[in-house]
A.B. asks: 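Supplied in structure tokens, the structure appears directly below.
Proteins get letters first, then strands, A, B, ... in listed order; numbering begins at 1 in each.
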2 protein chains.
Amino acid sequence: MESNEIIEALAALAQTTRLAVFRRLVAAEPEGEAAGDLARDLAIPPNTLSAHLAVLARAGLVSADRRGRFVVYRAAVDRLTAVTTALVADCCGGRPELCNPPPATECRPSRTSEVSS
Amino acid sequence: MESNEIIEALAALAQTTRLAVFRRLVAAEPEGEAAGDLARDLAIPPNTLSAHLAVLARAGLVSADRRGRFVVYRAAVDRLTAVTTALVADCCGGRPELCNPPPATECRPSRTSEVSS
DNA sequence: TCTATATTTCCAGAAGTATGGAATCGAACG
DNA sequence: CGTTCGATTCCATACTTCTGGAAATATAGA
């Protein structure tokens, strides 16, 4: 992953409103949420929100899906994963023994493919 | 970890020069590197670099250690780990089954405490 | 104390980002 | 078509960040 892409993603998330939007969208996975609902619930003017969503989209962190008059946004969780992975990979470049085990392990469900209900 | 801290760290790294500095410092672990050497090697005026280092320090991503006339900077790898972990934790809030296993696993050495030489 | 070296602070201009009002585009429906 | 509603683009203003020259601070050594 390119330095520029990493920076774009970090910059996209490094802003109060956008981090809030992104979090909300992650919570709304996998259905996503329409721009208007986001604007209403977060009390952001639609045009302002639109600008922020555009930044997130350019960074690859959200995707937009038009459904009739609505545009439903979804968080691209895998993109976030790619970015954090790239950061950590950089971090350990060549000398993994320096890195205290970068966990993110809380996130892994106990059993993914064995039991689901 | 507070939203503000996360944003501060993301913003600190979301800048070409600072990301380069941080990477260099990570590579220079655990000895660290003096501000002047960084400035020389990265071809950044010392005052400009100083400003960037201050941003990284405020974000907790580097630490400064004065040694005589030199100030040796070190990357705070654990801080980066904390930030990425917080991001991923946010990401999975309540519904870990949504998250494709956020790896960062490449970073873990095969054996950490068993064999070292 | 005076000088030299390392780093930081001060300051200001240039560049970039955030924000929201008004206008525009796009889709649905009569 | 004309209207309505959702979303985006346009544009101007305010704000923040980046950058580096000049001055200040800190430490070491003669």
Side-chain angles (χ1 to χ4, degrees), chain A residues 3-25 28 31-76, chain B residues 3-25 28 31-76:
Chain A
S3 219
N4 274 355
E5 291 180 279
I6 297 177
I7 286 178
E8 199 174 13
L10 292 175
L13 290 175
Q15 206 275 346
T16 318
T17 307
R18 285 194 298 264
L19 186 57
V21 168
F22 185 74
R23 278 174 165 165
R24 231 192 124 79
L25 284 178
E31 294 83 19
E33 193 167 1
D37 293 348
L38 283 168
R40 226 165 285 118
D41 295 352
L42 295 172
I44 308 166
N47 55 349
T48 302
L49 176 65
S50 195
H52 285 305
L53 284 170
V55 172
L56 287 168
R58 244 184 289 118
L61 289 165
V62 305
S63 63
D65 180 23
R66 174 139 235 158
R67 288 195 208 157
R69 279 182 290 195
F70 301 83
V71 175
V72 173
Y73 281 88
R74 289 193 52 189
Chain B
S3 219
N4 274 355
E5 291 180 278
I6 297 177
I7 287 179
E8 199 174 12
L10 293 175
L13 290 175
Q15 206 276 343
T16 318
T17 307
R18 285 195 297 265
L19 187 57
V21 167
F22 185 75
R23 277 174 166 164
R24 230 192 123 81
L25 285 178
E31 293 84 19
E33 192 166 3
D37 293 349
L38 282 168
R40 226 165 284 118
D41 295 352
L42 296 172
I44 309 167
N47 54 350
T48 303
L49 176 65
S50 193
H52 285 306
L53 284 170
V55 172
L56 288 168
R58 245 184 287 117
L61 289 165
V62 305
S63 62
D65 180 23
R66 174 139 236 158
R67 287 194 208 160
R69 277 182 291 195
F70 302 83
V71 175
V72 173
Y73 280 88
R74 289 192 52 189

A.B. asks: Select base, sugar-phosphate, or nothing to describe what A:A39 touches, counting heavy atoms under 4.0 Å on all strands.
C.D. replies: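 The residue A:A39 makes no contact with any strand.
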A.B. asks: Using a 4.0 Å heavy-atom cut-off, does B:A54 contact any base of the nucleic acid, only the sugar-phosphate backbone, or nothing at all?
C.D. replies: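 No contact at all - B:A54 keeps every heavy atom at 4.0 Å or more from the nucleic acid.
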A.B. asks: Given atom CD of A:E8 and atom P of C:dT17, what is their separation to the nearest angstrom?
C.D. replies: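 Distance, rounded to whole Å: 10 Å.
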A.B. asks: Base contacts versus sugar-phosphate-only contacts with protein, heavy atoms under 4.0 Å: please encode nucleotides 15-30 of chain D as B, S and - from 5' to 3'.
C.D. replies: ---SSBBB---SBS--
A.B. asks: With a cut-off of less than 4.0 Å, is there a side-chain N or O of A:Y73 near OP1 or OP2 of D:dG6?
C.D. replies: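 No, no such contact exists.
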A.B. asks: Whole angstrom is fine here: how far is it from CG in B:L56 over to P in C:dT8?
C.D. replies: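 It works out to 12 Å between those atoms.
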A.B. asks: Are A:I6 and B:L13 side-chain neighbours, meaning at least one heavy-atom pair lies under 4.5 Å?
C.D. replies: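 No, every pair of side-chain atoms sits at 4.5 Å or beyond.
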A.B. asks: Taking CG from A:L19 and P from C:dA18, how many angstroms apart are they, rounded to a whole number?
C.D. replies: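 Between P of C:dA18 and CG of A:L19: 13 Å.
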A.B. asks: Who passes side chain to side chain donor-acceptor pair (under 3.5 Å) against B:Q15, sequence neighbours left out?
C.D. replies: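 Not a single residue meets the side chain to side chain donor-acceptor pair (under 3.5 Å) criterion with B:Q15.
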A.B. asks: What is the separation between atom CD1 on A:I7 and atom P on C:dG16, rounded to the nearest whole Å?
C.D. replies: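 Nearest whole value for this atom pair: 14 Å.
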A.B. asks: Enter the distance from B:R74:CZ to B:E31:CD here, rounded to the nearest 0.5 Å.
C.D. replies: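 B:R74 atom CZ to B:E31 atom CD measures 8.0 Å (nearest 0.5 Å).
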A.B. asks: If we ignore hydrogens and angles and just use 3.5 Å, is the side chain of A:R66 paired with the main-chain N or O of A:G68 as donor and acceptor?
C.D. replies: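 Yes; judged by distance alone, with no hydrogens or angles, the pair exists.
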A.B. asks: To the nearest 0.5 Å, how far apart are CD in A:E5 and CG in A:L10?
C.D. replies: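 One gets 11.5 Å once the value is rounded to the nearest 0.5 Å.
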A.B. asks: Rounded to whole angstrom units, what separation is found between the CG atom of A:D65 and the P atom of C:dA27?
C.D. replies: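 Going from CG in A:D65 over to P in C:dA27 covers 13 Å.
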A.B. asks: To the nearest angstrom, how far is A:L53 atom CG from C:dT19 atom P?
C.D. replies: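 After rounding, the gap between these two atoms is 13 Å.
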A.B. asks: Check the distance between C:dA6's C1' and B:D41's CG and give it to me in whole angstrom.
C.D. replies: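 B:D41 atom CG is separated from C:dA6 atom C1' by 15 Å.
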A.B. asks: Show the atom names and distances, to 0.1 Å, of all donor-acceptor pairs under 3.5 Å that link a side chain in residues 41-55 of chain B to residues at least two apart or in another chain.
C.D. replies:
residue: B:D41; atom: OD2; partner: B:R24; partner atom: NH2; Å: 2.7
residue: B:H52; atom: ND1; partner: B:R18; partner atom: NH1; Å: 3.1

